[in-house]
Every structure is written in structure tokens, then in C-alpha cells.
Amino acid sequence: MDANNIWLNVVAVRQASPLVHNITNYVVMNTTANALLSAGASPIMAHAPEEMEELVAISGALVLNIGTLSRPWIESMLLAGRCAAARKVPVVLDPVGAGASALRTETCLTLLRTVRPAVVRGNASEILALCGAEGATKGVDSIKAPSDALEAAMQLSESFGCVVVVSGEEDVVLGGGRTVRLRGGSALMPRVTGMGCTATALVAAHVAAAGDAFTGALCGMAVMAVAGGMAAEQAAGPGSFQVHFLDALYAMQLQNIHDHVVVEA
């Protein structure tokens with residue numbers, strides 16, 4: 001995968017404008033919806049079980065994000081996941097804060113077993129928690145580096161047949177015997193809430209456009225790194241970084257990909 005391939009998928013998202021159905025948390029709804037719109041995709045944030053079947057049927061991908069869990073939302077996630085499986089709509093799971101509480105970890109494991117997501121994107125602590133590690137998280141923030149979670153990510157991928165993305169200073173995408181590392185982004189990204197959730201939403205848009213989980217996951221994370229690098233060149237701090245990040249998603253061109261991300265197989 002090189003910059004030209006990533007660019008083709010950026011164009012595919014802009015042209016196809018896939019609808020991404022998000023069952024996600026209160027904190028990031030506005031942020032991730034704006035990111036999807038800036039990238040050229042079409043977001044919908046919907047949680048009512050009464051409309052899950054209809055909305056999944058017209059979506060290109062489904063995001064399940066456990067950031068602000070409740071029992072009714074868990075039931076909606078399971079229902080939407082079953083609808084997605086029946087219609088072969090790819091599911092991207094964001095295990096926000098897995099390991100911080102039993103409810104979060106058990107919910108993720110239930111979703112993995114029953115929904116069989118195409119992609120799991122989390123930080124190192126979350127990926128480790130899904131494989132049984134304890135004490136590896138600080139709320140929703142990771143206290144581990146992506147390299148610490150590679151063995152767990154491989155185990156997760158093999159157990160559930162999914163692509164796994166471990167995000168951090170270096171992003172790692174692995175699955176089906178392939179492992180790719182991405183370097184880019186900015187040190188300002190962890191200072192802005194919802195950047196991990198935004199990565200998950202962009203991965204979903206790119207999976208919908210690519211029709212392939214590994215390619216979509218890799219391109220979605222590459223776009224995050226490129227937009228982060230572009231935004232950092234203009235930003236004075238976290239506040240202005242958010243604005244410039246959305247502008248970068250909207251304005252991104254092939255040369256920006258060459259300039260702001262390194263992809264290593």
C-alpha cells in the first residue's frame with residue numbers, strides 16, 4: 001500500500017459518500033459526524049432499536065462505540081450488529097475504555113462473539129484488556145505503547161477473524177497474516193477529545209468505500225495521520241487543531257499523503 005493507493009480510497013470515499021451508521025458516545029457525536037462529513041462520507045447517529053433494521057439496511061458500514069454505555073444502548077448495538085451480519089454490512093468496533101470496568105470489557109467480548117466485527121480499532125491498553133490483561137488502562141487513555149499490544153492484537157485477530165488496529169504514536173494494522181505500521185500525525189492529537197473515535201469512524205467510511213476490511217482500516221488510519229500532520233502545521237494549540245483537522249480532511253490531496261505519512265509493511 002502506497003500513497004497513490006491511499007489517495008484512490010480518499011477519492012472513493014468522496015465520490016461514493018457512504019452512509020456510516022454510528023452507535024457512539026455522547027462525547028464525540030458532533031466531532032465524528034463533522035469528521036465524516038469533511039472526509040466526504042455521510043454520518044447518522046441513531047440508537048433507537050425500532051429503527052436499527054431500516055438504518056443498517058441503507059448503510060455502508062456500522063460503528064459500535066462503547067464510550068458511554070447503557071443497557072438499552074447495548075441491546076441496540078447487538079440488534080444493529082445482527083442486522084449488519086445478515087446484510088453483510090461491515091462493522092467496526094471501538095472498545096473505548098475496555099479494561100476500565102467489567103461492563104465495558106464484557107460488552108466488547110459479547111459483541112466480538114455475536115457480531116463478529118470486520119475491524120476492531122483501539123489503543124494498546126484496550127486491545128490488551130480484550131485479551132485478558134488487567135491493570136493496563138487509565139480510564140479511556142492508554143498507558144501502553146502499540147508495540148506492547150502486538151501479540152494480543154494478533155491473538156484477537158486470529159480468534160475472531162477480524163482486522164485489528166492498534167493506534168498510538170505509531171499505528172499498527174494487522175490481520176490475515178499481514179502487518180503494516182503507519183507513522184505520522186501529531187503530538188497534539190491526544191490533547192483533543194474524540195480523536196480515537198474519529199479514527200474509528202473514518203476507518204468505517206474507508207472500509208465501506210474499499211469493500212475490504214484491511215485496505216479500509218489502513219487507509220482510514222493513514223488519513224488520520226495525514227490530517228493530523230497537516231493540522232499541526234497550522235494550529236496554535238488543541239483548540240485550533242480541531243478546526244484545522246476538519247479542514248485538512250476536506251482539502252487533502254495526493255501530495256499531502258506523500259508528505260505526512262510513512263507506511264511500512
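Side chains are part of it too, since the values below use all heavy atoms of this structure and drop only hydrogens, waters and symmetry mates.
Although no hydrogens or angles enter the test, the distance criterion places a donor-acceptor pair under 3.5 Å between the side chain of T105 and the main chain of S101. The main-chain N or O of Y26 is found under 3.5 Å from a side-chain atom of T68 such that the two form a donor-acceptor pair. Checking side-chain atoms of S157 against main-chain N and O of C162 turns up a donor-acceptor pair under 3.5 Å. Of the possible donor and acceptor atoms, none in the side chain of S76 sits under 3.5 Å from a partner among the backbone N and O of A48. Looking only at distances, a side-chain donor or acceptor of T107 sits under 3.5 Å from a matching main-chain atom of L103. In this structure a side-chain-to-backbone donor-acceptor pair under 3.5 Å is present from N5 to D2. No donor-acceptor pair closer than 3.5 Å links the side chain of H260 to the backbone N or O of A225. No donor-acceptor pair under 3.5 Å is formed between the side chain of N65 and the backbone N or O of V63.
Summarising the geometry, atom OG1 belonging to T215 is positioned 11.5 Å from atom CG belonging to L8; distances are rounded to the nearest 0.5 Å. Taking SG of C108 as the start and CG of L69 as the end, the distance is 7.5 Å to the nearest 0.5 Å. Within the model, atoms CG of L64 and CD1 of I74 stand 11.5 Å from one another, a figure rounded to the nearest 0.5 Å. Taken from CG in L218 to CD1 in I6, the straight-line distance is 6.0 Å, to the nearest 0.5 Å. The structure places CE of M189 at 9.0 Å from OG of S167, a figure rounded to the nearest 0.5 Å. Here the CE atom belonging to M224 is positioned 10.5 Å from the NE2 atom belonging to H206, to the nearest 0.5 angstrom.
Here the options are T200, L130, N123, the test is side chain to side chain contact (heavy atoms under 4.5 Å, CB included), and the partner is P95; only L130 passes. Remark: of the listed residues V115, I66, L93, I66 is the sole one forming a side chain to side chain contact (heavy atoms under 4.5 Å, CB included) with M77. If you run side chain to side chain contact (heavy atoms under 4.5 Å, CB included) between V223 and each of V203, V261, L249, I257, only L249 comes through.
Both M230 and L188 belong to a common hydrophobic cluster when Ile, Leu, Val, Met, Phe, Trp and Tyr are linked at side-chain heavy-atom distances under 4.5 angstrom. Note on V166: it does not cluster hydrophobically with M221, by side-chain heavy-atom contacts below 4.5 Å among ILVMFWY residues. No single ILVMFWY cluster, assembled from side-chain heavy atoms under 4.5 Å apart, contains both V92 and I58. There is a path of hydrophobic side-chain contacts, each under 4.5 Å, that joins V173 to V263. Residues V96 and L111 fall within the same hydrophobic cluster, defined by Ile, Leu, Val, Met, Phe, Trp and Tyr side chains chained together at heavy-atom separations under 4.5 Å.
The ring pair (Phe, Tyr, Trp, His ring centres under 6.0 Å) check on H258 picks up nothing, with sequence neighbours excluded. Considering only residues two or more places apart in sequence or on other chains, W7 meets the ring pair (Phe, Tyr, Trp, His ring centres under 6.0 Å) condition with none of them. Remark: E264 engages R183 in a salt bridge (charged side-chain N to carboxylate O under 4.0 Å, His left out) (not counting sequence neighbours). Applying the side-chain contact (heavy atoms from CB on, under 4.5 Å) test to T193 and every residue at least two apart in sequence or in another chain returns V27.
The two residues Q242 and T31 come nearest to each other via the heavy atoms NE2-OG1, 4.4 Å. Considering every non-hydrogen atom in both L128 and A152, the closest pair reads CD2-CB, 3.9 Å. Of all non-hydrogen atoms in M252 and R14, the two that sit nearest each other are O-NH2, 2.9 Å. Between P117 and V120, the shortest heavy-atom distance links the atoms CG-CG2, 4.1 Å. Closest non-hydrogen pair, C197 versus N25, comes out as SG-ND2, 3.8 Å. Contact between I23 and A80 at its shortest, heavy atoms only, is CD1-CB, 3.8 Å.
Using the six-membered ring where Trp is involved, W73 and H47 have ring planes that are parallel, under 30° apart on the 30 and 60° scheme.
Contact check for T198 versus V28: no side-chain heavy atoms found under the 4.5 Å cut-off. In this structure, the side chains of R82 and T114 stay at 4.5 Å or more apart for every pair of heavy atoms. Looking at heavy atoms from C-beta onward, L37 lies in side-chain contact with P43 at the 4.5 angstrom threshold.
Residue pairs meeting the salt bridge (Lys or Arg N to Asp or Glu O under 4.0 Å) criterion with at least one member in residues 83-98, sequence neighbours excluded, are D94-R121. Residue pairs satisfying the salt bridge (Lys or Arg N to Asp or Glu O under 4.0 Å) criterion with at least one member in residues 160-175, sequence neighbours excluded, are listed as follows: E170-R181.
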For the pair T179 and L150, evaluate side chain to side chain contact (heavy atoms under 4.5 Å, CB included) and give the outcome as yes or no after the intermediate values. CA-CA 10 Å; T179 300; L150 293 187; 5.7 Å; no

Step by step, work out the side chain to side chain contact (heavy atoms under 4.5 Å, CB included) result for C131 and E151. CA-CA 10 Å; C131 291; E151 186 175 342; over 6 Å; no

Would you please test T32 and M45 for side chain to side chain contact (heavy atoms under 4.5 Å, CB included) and show each step? CA-CA 10 Å; T32 52; M45 278 57 184; 3.4 Å; yes

Could you walk me through whether E51 and H21 pass the side chain to side chain contact (heavy atoms under 4.5 Å, CB included) test, one step at a time? CA-CA 11 Å; E51 59 180 357; H21 178 189; over 6 Å; no

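Relative to the six-membered ring of F241, R191 misses at least one condition, a distance below 6.0 Å or an angle of at most 45° to the axis.
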